[in-house]
Amino acid sequence: MMQQLIVINPKDNVATATVDLQKGQEIAVETGSEAFIITLQADIKFGHKVAIKDIKKGSPVYKYGEEIGVTTEDISMGEHVHVHNVLSQRGRGDLSN
């Protein structure tokens, strides 16, 4: 069976969808030595991120083992993670200096 979510680093708190996914789907996730099931709280399009852990407001978001942003609200496992709930910390010319 084709893997539906990719987690690269055990530090990651988000996974990337390899196909379009539907709200309510239960998907197996493996992160290093852990394996568990998440239930999607929203439709997730190919290439978008989904939380694989509960993430508190103001906490870092890790993808591929790297911090890619900070949450602007509490995010529950299975929720869509995107610009509506994450403030990017990369490529922010407005924050330089």
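Basis for what follows: all heavy atoms, side chains included, without hydrogens, waters or symmetry-related copies. Start at 1 with the first residue, then count along the sequence. Everything numeric here is computed off the predicted structure, so don't read it as measured data.
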What about L21 and M77, same hydrophobic cluster or not, with Ile/Leu/Val/Met/Phe/Trp/Tyr joined at side-chain heavy-atom distances under 4.5 Å?
yes
Indicate the atoms forming the closest heavy-atom contact of A17 with I44, along with that distance.
CB-CG2, 3.8 Å
Residues in side-chain hydrogen bond (donor to acceptor under 3.5 Å, both in side chains) with S76, at least two apart?
E79
Can you see which heavy atom on A15 is nearest to which on I52, and at what distance?
CB-CG2, 3.7 Å
Write down the atom of Y62, the atom of K11, and the distance for their closest heavy-atom approach.
CE2-CE, 3.3 Å
Quick one: side chain to side chain contact (heavy atoms under 4.5 Å, CB included) partners of K53, sequence neighbours excluded?
N13
D12 and K63 have their tightest heavy-atom pair at OD1-C, 3.4 Å
Going by atom type alone, with no hydrogens or angles, which donor-acceptor pairs under 3.5 Å involve a side-chain atom of residues 24-42 and a protein atom two or more places apart or on another chain?
{"residue": "Q25", "atom": "OE1", "partner": "Q22", "partner atom": "N", "Å": "2.6"}
{"residue": "Q41", "atom": "NE2", "partner": "T39", "partner atom": "O", "Å": "2.9"}

Should I75 and V14 be counted in the same cluster of Ile, Leu, Val, Met, Phe, Trp and Tyr side chains packed under 4.5 Å apart?
yes
Tell me whether L5 shares a hydrophobic cluster with I8, the cluster being built from Ile, Leu, Val, Met, Phe, Trp, Tyr side chains joined at under 4.5 Å.
no
Sequence neighbours excluded, the answer for side chain to side chain contact (heavy atoms under 4.5 Å, CB included) partners of P10 is none
Would you please name every residue forming a side chain to side chain contact (heavy atoms under 4.5 Å, CB included) with K45, sequence neighbours left out?
D20, H48
Test salt bridge (charged side-chain N to carboxylate O under 4.0 Å, His left out) applied to E66 - qualifying residues, sequence neighbours left out
R90
Spell out, as yes or no, whether a donor-acceptor pair under 3.5 Å connects the side chain of T16 to the backbone of K49.
no
For V61 versus V81, what's the shortest heavy-atom pair and its separation?
CG1-CG1, 4.4 Å
Determine yes or no for a side-chain-to-main-chain donor-acceptor pair under 3.5 angstrom, with S88 supplying the side chain and G69 the backbone.
no
D74 (side chain) donor-acceptor with K56 (main chain) under 3.5 angstrom
no
Just say parallel, tilted or perpendicular for the rings of H82 and H80, cut-offs at 30° and 60°.
parallel
